[in-house]
J.: 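Submitted below is the structure of interest, expressed as structure tokens.
Quick note on labels: first sequence line is chain A, next is B, and so on, each numbered from 1. Just so we're clear, the structure is a prediction, and the values are computed from it rather than from any experiment. Any value given below was found using the heavy atoms of this structure, including those in side chains, with hydrogens, waters and symmetry copies removed.
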Number of protein chains: 2
Amino acid sequence: MNGRLISIEGGEGAGKSSVMAALRSVLERRGLDVVVTREPGGTDTGEAIRALLLDPSGTLCAEAELLLMFASRAQLVREVILPALVRGAWVLTDRFTDASFAYQGGGRGIDSACIAELERWAAAIKPDLTFLLDVDVRQGHARIAGRDGERDRIENEREDFFERVRATYLQRAASEPRRFRVIDAGAPQDVVLRNVLDQLTQAISGWK
Amino acid sequence: MNGRLISIEGGEGAGKSSVMAALRSVLERRGLDVVVTREPGGTDTGEAIRALLLDPSGTLCAEAELLLMFASRAQLVREVILPALVRGAWVLTDRFTDASFAYQGGGRGIDSACIAELERWAAAIKPDLTFLLDVDVRQGHARIAGRDGERDRIENEREDFFERVRATYLQRAASEPRRFRVIDAGAPQDVVLRNVLDQLTQAISGWK
């Protein structure tokens, strides 16, 4: 496949949206066909699953949460990501399988071997490049505290949950250093964006 | 656990509802605490998933279909079935994991090893007794043709799909003869119900 899949990962308040917008802009200026999507969601089915997953009044068990995440992902891969990659597009996704390892594995305690097995046949692909926007849990939460609207079911978790999520993300990044670029997302936004774009340029030059 | 889990399986038009009602009635007359449920569904989350799965306009990939089935099942087991079994209730369920082997495995062609792995950690339990209501595919479809309402997404499949579903159910029954009771559901209803209740009595006497 000629296209590339780039995922943007990180905890609450890490600034994924700004990074997604900056990446999209710089890739489109290079004349590339860019597809932007998100997880859970990105398809009609996926957005319906997202509503179930994030409903603040919901009471999902950890296993159902993981399976719903992968149901959304399986559909997104087959309906959106693979067709885009085949035609040569660059796909930017706000979260992908690493988020399941971090949230349902690290956060909820599901065995990572179960998640790896779902990754193999349900997700079926891995990103070419993953930006991990790493930020101190309290600093991230202070950022989202200013946002309007009710917190969703996962945002309502306790601080130790998010510490486990962060630690799992960092472990995964350390174990796959060629795929991951860890960005200090506690820095000022202009510094974060410059670092992301520098790392993108480095990664692309490595692919040629 | 003191309770028992009994699943009722079978293709379209096999007469599961009548068998469920007869089993419920006979167990309640014995003074047992009986819980009746269905798949996909049986919980608020499960019923929302059911709507996604059966939407006739939906375009789910096979993997997402399987994962949604198991998301519903994982929630049903933890929210309804396990608590009922722990308190000593008898749970009757209209379909359980065998249906995933039959429909998503046999019907859609997903590797049964993937389904067995989900059965291990997501379903986590097996029925004590499974009634397979076996009926010729055309005879079953002739029965549901008279029902009101639009056909759902799975009922709209082609005949060869249902032949594979039936064959997979029969293979599973043959491989687990102690758990399965295969009932000729093409027989008149009074004969079917008498056979089911005879087999129930036999199974219960074996458990004592």
J.: Please name the pair of heavy atoms, one in B:W121 and one in A:L67, separated by the smallest distance, quoted to 0.1 Å.
T.: CH2-CD2, 3.9 Å
J.: Is B:R138 atom CZ crowded by more than 12 heavy atoms from other residues, nucleotides or ligands, each under 6.0 Å away?
T.: no
J.: Step through the shown structure and confirm whether more than 12 heavy atoms of other residues, nucleotides or ligands are within 6.0 Å of CG on B:D55.
T.: yes
J.: Let's go through B:T59 and A:T43 carefully: what are the C-alpha distance in whole Å and the side-chain angles of both, what is the deciding distance for side-chain contact (heavy atoms from CB on, under 4.5 Å) to 0.1 Å, and is it a yes or a no?
T.: CA-CA 10 Å; B:T59 54; A:T43 64; over 6 Å; no
J.: Can you tell me which of B:T45, B:L68, B:L60 forms the most heavy-atom pairs within a distance under 4.5 Å of chain A?
T.: B:L60
J.: Closer than 3.5 angstrom, by distance alone: can the side chain of A:Q75 be matched with the main-chain N or O of B:C61 as a donor-acceptor pair?
T.: yes
J.: Mind ranking A:A62, A:A124, A:C114 by heavy-atom pairs under 4.5 Å with chain B and telling me who comes out on top?
T.: A:C114
J.: Side chain from CB out, backbone as N, CA, C, O: work out which of these in A:R120 comes under 4.5 Å of a heavy atom of chain B, or both, or neither.
T.: side chain
J.: Of all heavy-atom pairs between A:A74 and B:A64, which one has the smallest distance, and what is that distance?
T.: CB-N, 4.0 Å
